[in-house]
Amino acid sequence: MTPLARDFYSRDPITVARELLGRILIRQCDEGLASGRIVEAEAYLSSRDPACHAYRGRNRKNATMFGPPGHAYVYMIHARWCLNAVTEAADLGSAVLIRAVEPLAGIELMQERRRRTDVRDLARGPARLCQALAVTKALDGHDLTSGRELWIAADPAQNGEVLEIVRSRRIGVTSAASRLLRFFVAGSRFVSGRAGRSRPLPAGRAAVV
DNA sequence: CTACCGATTGACT
DNA sequence: GTCAATCGGTAGA
């Protein structure tokens, strides 16, 4: 499982968010290995996006967002951790929030960490995913291209299949709420929020990309 | 030092 | 569907 290279992340966050879907997020630590297929991600567009933590410039908390692309930006919200990948270029502050993965390896480990047995509840949501994969502030600034501890790789089983991707408003954001910067795999049961219930698209709510 | 907030979750009706 | 607990970071006194 070779890690995606820096070039992958050195593109605009919308492209990276879309292309992260279907890739494998891998967590290796003393307890063992756990992984999942990314099925949901959101783009945060630096100074041109009021919902982005970097919108008002650099501070102590968001410093890693302004570091090199391909590094993890981990922050706490409502007493829970969330994982981003820094994108585009250093000093810009754009990133992709990884919102959900479909559990693959290490399911028992994830069940212990989450204290839940239902596989659908293990990593559906940005903070659940971090709990399942033991992602904390300790990994803030970690290099996702290193192939150690935490990284992202292509799915060897995908074989060039094309994913059907749906685009919608981001979840939970209070500013720039109307922008369609959330992407998820159509029909996946492992997507958070209003998604699994795949109804026809009420105009403006979600659109197939 | 205290007050307030949030890119959430889980329990509940 | 609703709603309150959650706690580290930040701002402000």
> Within 45° of the axis and under 6.0 Å from the centre of the six-membered ring of A:Phe8, does NZ or CZ of A:Arg11 qualify?
Replying inline: yes

>> By a 5.5 angstrom centroid cut-off and a 30 degree plane limit, is there stacking between A:His78 and B:dT8?
In response: yes

> Rounded to the nearest Å, what distance is computed from the CZ atom of residue A:Arg120 to the P atom of nucleotide B:dT9?
Replying inline: 13 Å

>> Regarding A:Asn59, tell me which of base, sugar-phosphate or nothing describes its non-hydrogen contacts under 4.0 Å with the strands shown.
In response: sugar-phosphate

> What's the CG-P distance between A:Asp140 and C:dG9, to the nearest Å?
Replying inline: 10 Å

>> Please compare A:Lys137 and A:Arg80 by the position of their nearest nucleotide in DNA chain C and report the one closer to 5'.
In response: A:Arg80

> Atom CG of A:Leu45 to atom C1' of B:dA7: distance rounded to whole Å?
Replying inline: 13 Å

> What residue among A:Val96, A:Leu97, A:Ile98 forms side chain to side chain contact (heavy atoms under 4.5 Å, CB included) with A:Glu42?
Replying inline: A:Leu97

>> Between A:Glu88 and A:Ser94, is there a side-chain donor-acceptor contact under 3.5 Å, judged purely by atom types and distance?
In response: yes

> About how many Å separate NE2 of A:His142 and OG1 of A:Thr145, when rounded to the nearest 0.5 Å?
Replying inline: 8.5 Å

>> Stem list for DNA chain C, please, built from Watson-Crick and G-U wobble pairs under 3.5 Å and keeping only runs of at least 3.
In response: B:1-6 with C:7-12, B:8-12 with C:1-5

>> For a quick test of reading the model: is some side-chain N or O of A:Arg116 closer than 4.0 Å to OP1 or OP2 of B:dA11?
In response: yes

>> In this structure, how many angstroms lie between the C1' atom of C:dG9 and the OH atom of A:Tyr73, rounded?
In response: 10 Å

>> Need one value for A:Arg115: base, sugar-phosphate or nothing, where a base atom within 4.0 Å counts as base even if backbone is also close, heavy atoms only.
In response: nothing

> Atom OH of A:Tyr44 and atom P of B:dG6: how far apart are they, to the nearest Å?
Replying inline: 13 Å

> Should A:Asp12 and A:Thr15 be marked as a side chain to side chain donor-acceptor pair (under 3.5 Å) after you check the CA-CA gap, both sets of side-chain angles, and the distance that decides it?
Replying inline: CA-CA 6 Å; A:Asp12 74 90; A:Thr15 301; 2.6 Å; yes

>> In whole Å, I'd like the distance from the CE atom of A:Met76 to the P atom of B:dT9.
In response: 12 Å

>> Could you go through A:Tyr44 and A:His53, starting from their C-alpha distance and side-chain angles, then the distance that decides it, and tell me whether this counts as ring-ring contact (aromatic ring centres under 6.0 Å, His included)?
In response: CA-CA 8 Å; A:Tyr44 287 85; A:His53 289 167; 7.3 Å; no

>> Tell me the interatomic distance from A:Arg56, atom CZ, to C:dG9, atom P, rounded to whole angstroms.
In response: 20 Å

>> By the 4.0 Å heavy-atom rule, please label A:Ala127 as base, sugar-phosphate, or nothing.
In response: sugar-phosphate

> Can a side chain N or O of A:Thr174 be found less than 4.0 Å away from OP1 or OP2 on B:dA7?
Replying inline: yes

Side-chain donor-acceptor pairs under 3.5 Å in residues 28-35 of chain A, sequence neighbours left out?
unit_1  : atom_1 : unit_2   : atom_2 : d
A:Glu31 : OE1    : A:Arg113 : NE     : 3.4
A:Glu31 : OE1    : A:Arg113 : NH2    : 2.9
A:Ser35 : OG     : A:Ala105 : N      : 3.3

> Starting at the 5' end of DNA chain C and moving along, which residue's nearest nucleotide shows up first, A:Arg60 or A:Ile77?
Replying inline: A:Ile77

> Does OP1 or OP2 of B:dT9 have a side-chain N or O of A:Arg124 closer than 4.0 Å?
Replying inline: no

> Out of B:dG6, B:dA7, B:dT9, which nucleotide sits closest to the side chain of A:Pro126?
Replying inline: B:dT9

> Any side-chain donor-acceptor pair under 3.5 Å between A:Ser192 and A:Glu40?
Replying inline: yes

> Whole-Å distance between B:dG6 C1' and A:Tyr75 OH?
Replying inline: 8 Å

